[in-house]
There are 2 protein chains.
Amino acid sequence: MLEIRHLRSLKAIAETGKLGLAAERVFLTQSALSHQIRAIEQHYDITLFKRGNQGLRFTPAGQRLLELANVLLPQLEKAERDLIRMKSDQSGELRIVLECHTCFDWLTPVMDAFRRAWPEVEIDLVAGFHSDPWHLINEGKADVVIGGLPGDGFEKREPLSHIPLFKFEIMGVLPVDHALKNQARLNAEDFSQKTLITYPVPEERIDLIRQILKPAHIEFTRRTAELTIAIMQLVASRRGLAALPSWGIQSYVEHNYVLAKPIGSKGLWSKLYAIGSEDMMTKPYAKDLARIVRDVCADKLKGIKLL
Amino acid sequence: MLEIRHLRSLKAIAETGKLGLAAERVFLTQSALSHQIRAIEQHYDITLFKRGNQGLRFTPAGQRLLELANVLLPQLEKAERDLIRMKSDQSGELRIVLECHTCFDWLTPVMDAFRRAWPEVEIDLVAGFHSDPWHLINEGKADVVIGGLPGDGFEKREPLSHIPLFKFEIMGVLPVDHALKNQARLNAEDFSQKTLITYPVPEERIDLIRQILKPAHIEFTRRTAELTIAIMQLVASRRGLAALPSWGIQSYVEHNYVLAKPIGSKGLWSKLYAIGSEDMMTKPYAKDLARIVRDVCADKLKGIKLL
DNA sequence: AACCAATATGAATTAAATTCAAATCTATCA
DNA sequence: TGATAGATTTGAATTTAATTCATATTGGTT
């Protein structure tokens, strides 16, 4: 009666707190999840969740099953990796380049998990900043880029393959006493003649500029800082505005150090992929890297949506 | 893709060595199992069994999945047993007896709140008057007494357990024009040769008599009435005195219908407990009943002290 | 080569899960 | 107190997946 699929659903519900969001995560409808959990509740004749208009909260019984999921699913994944190893040797190397600065936040736990899962694979982070990280793959200097899809390069390149990871929202960051503090969302004009504080990367690599400000011909000043906390300090002290992933600024917002607002009418969302040569991305351990990223981030990063 | 059901099938195959026999064990046909294992083999693209006319033998990959089954299934069963235990913790019945008449005032909101919190517990009030309510627990006719601790009964009883609720003050009630209206507090002698109006219960169940009047050998007349309002009317019309919980007479005092005075130098306080068998009082819903009583009464009854 | 005792296969059937569309619930706000 | 927004629930229709049935095939043994 209880099946692995139900455990996956429980985990997603725990991560998102809402049936609708959990449903996206497991690629089902919200209704399907509702039917699933009701079937389990009826089967065991016990309620697993307290329902409210804020979503679901686990009852002790629900927590017990969640705990089961948290124990069983990793064991299942381990067995599946073992099966792959039995098919063929899986040693190799995996040199990762990050397109975006903020991804460092979660890469460490990902690499830890990966090393535990694939001890025979040498995983490394390619250090330094690279203006065209995708090119490093063709040059043979990296194996996987974690970032957005490359823009259409005019040069001929070895065709790349990609695995979707997740998308996240880029939020506008304001000082708490900013004039726009009561406005629900930010628009392109709101950045006009303002200072925009960013990581030190080219303009075309900053989504806000490329997708919003440039098309609207907004004029602004740029100022850069290396670290997220430095950007936060500059914003808090009213030296300018910033645009950062929702997960990276969550704790600053919670402590009311700065304000965060969605940008544009639908919000500014950025998509992340694991990108590599076709050869590389068909390797089981490269696919598993993507799975681990999705897993770790689904767990650690609030507000992301799995692709 | 791989589901619990497949693990059960693998286990049955290991136990019987033959698809046909294994199929009986999991209440499926041989064909169904054949389809199942073929689906798994195709999914992981690996052979799980060597087939012969003696039955099936596990390959290393098959053994790996069997090992997974042997690890996962017991964990699942343990979780299921835990759920059953949790269910028994949240459903049952709770037959309440009140030792004191006045407690009816607040029991209704308590029962309403309880029913909302524990829909699977049948809560009921044991009707009628009982001279020894605690004994009803040993007789299996009630689950919880709300009242004072039982006096040391000489008979052997199943040991009872209790949870403290609150204490409240029993006030002497006088007509507004009584001779003692200017006296701050009443003493035992003040009841001498007077009529005491009480609920119709035995003397030893009336705290004023048991704790104050009897020890001081005061002589008095008793008269009984069923309802609090009837007692108030009798007192107001100078037919006698009464002694009632401060909360029960509050509104009469506020409307200057009667006077209330503390009794004795420290006041006469009575303590209330939820009392039941040890088994009963360890159940989560019994503990929660006590919590709800304390909560509701702390809110509704002025002048009580939580124990 | 024939036979036995298994498993495999494919189409039909049955059962289960999922979706769709609408209803319902429940805090919160005016 | 009623309206509303944001969630879940519900039941019927649909789709998908699992199972059965009937039969074929396989591998080992004589």
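Predicted model, so just to flag it, every value in this text is computed and none were measured. Chain naming here is simple, since letters A, B, ... match the order of the sequence lines and numbering starts at 1 in each.
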Calculate the interatomic distance between B:Q42 atom CD and D:dA17 atom P; express it in whole Å. 14 Å
Compare side-chain N and O positions of B:R51 against OP1 and OP2 of D:dT26 and report whether any pair is under 4.0 Å apart. no
B:R116/B:D112 ion pair, N-O < 4.0 Å: no
What I want to check is whether the side chains of A:S88 and A:Q90 have a donor and an acceptor closer together than 3.5 Å. yes
Side-chain contact check for A:N53: nearest option of C:dA27, D:dT19, D:dT20 is C:dA27
Name the closest nucleotide to the A:A32 side chain, picking from D:dT20, C:dT19, D:dT19. C:dT19
Quick check on DNA chain C: between A:L28 and B:I37, whose nearest nucleotide comes earlier from the 5' end? B:I37
With the side chain of B:K18 defined as its heavy atoms from C-beta on, choose the nearest nucleotide among C:dT7, D:dT8, C:dT19. C:dT7
If you assign each of A:H35 and A:Q54 to its closest nucleotide in DNA chain D, which residue comes earlier from the 5' end? A:Q54
Do B:Q30 and C:dA8 share a donor-acceptor pair, side chain to base, under 3.5 Å? yes
Classify the side chain of A:S31 and the base of D:dT10 as holding, or not holding, a donor-acceptor pair under 3.5 Å. yes
So if I apply the side chain to side chain contact (heavy atoms under 4.5 Å, CB included) rule between B:F114 and each of B:V296, B:I123, B:V293, which one comes out positive? B:I123
Which heavy atom of B:W118 sits nearest a heavy atom of B:D288, and at what distance? NE1-OD2, 2.7 Å
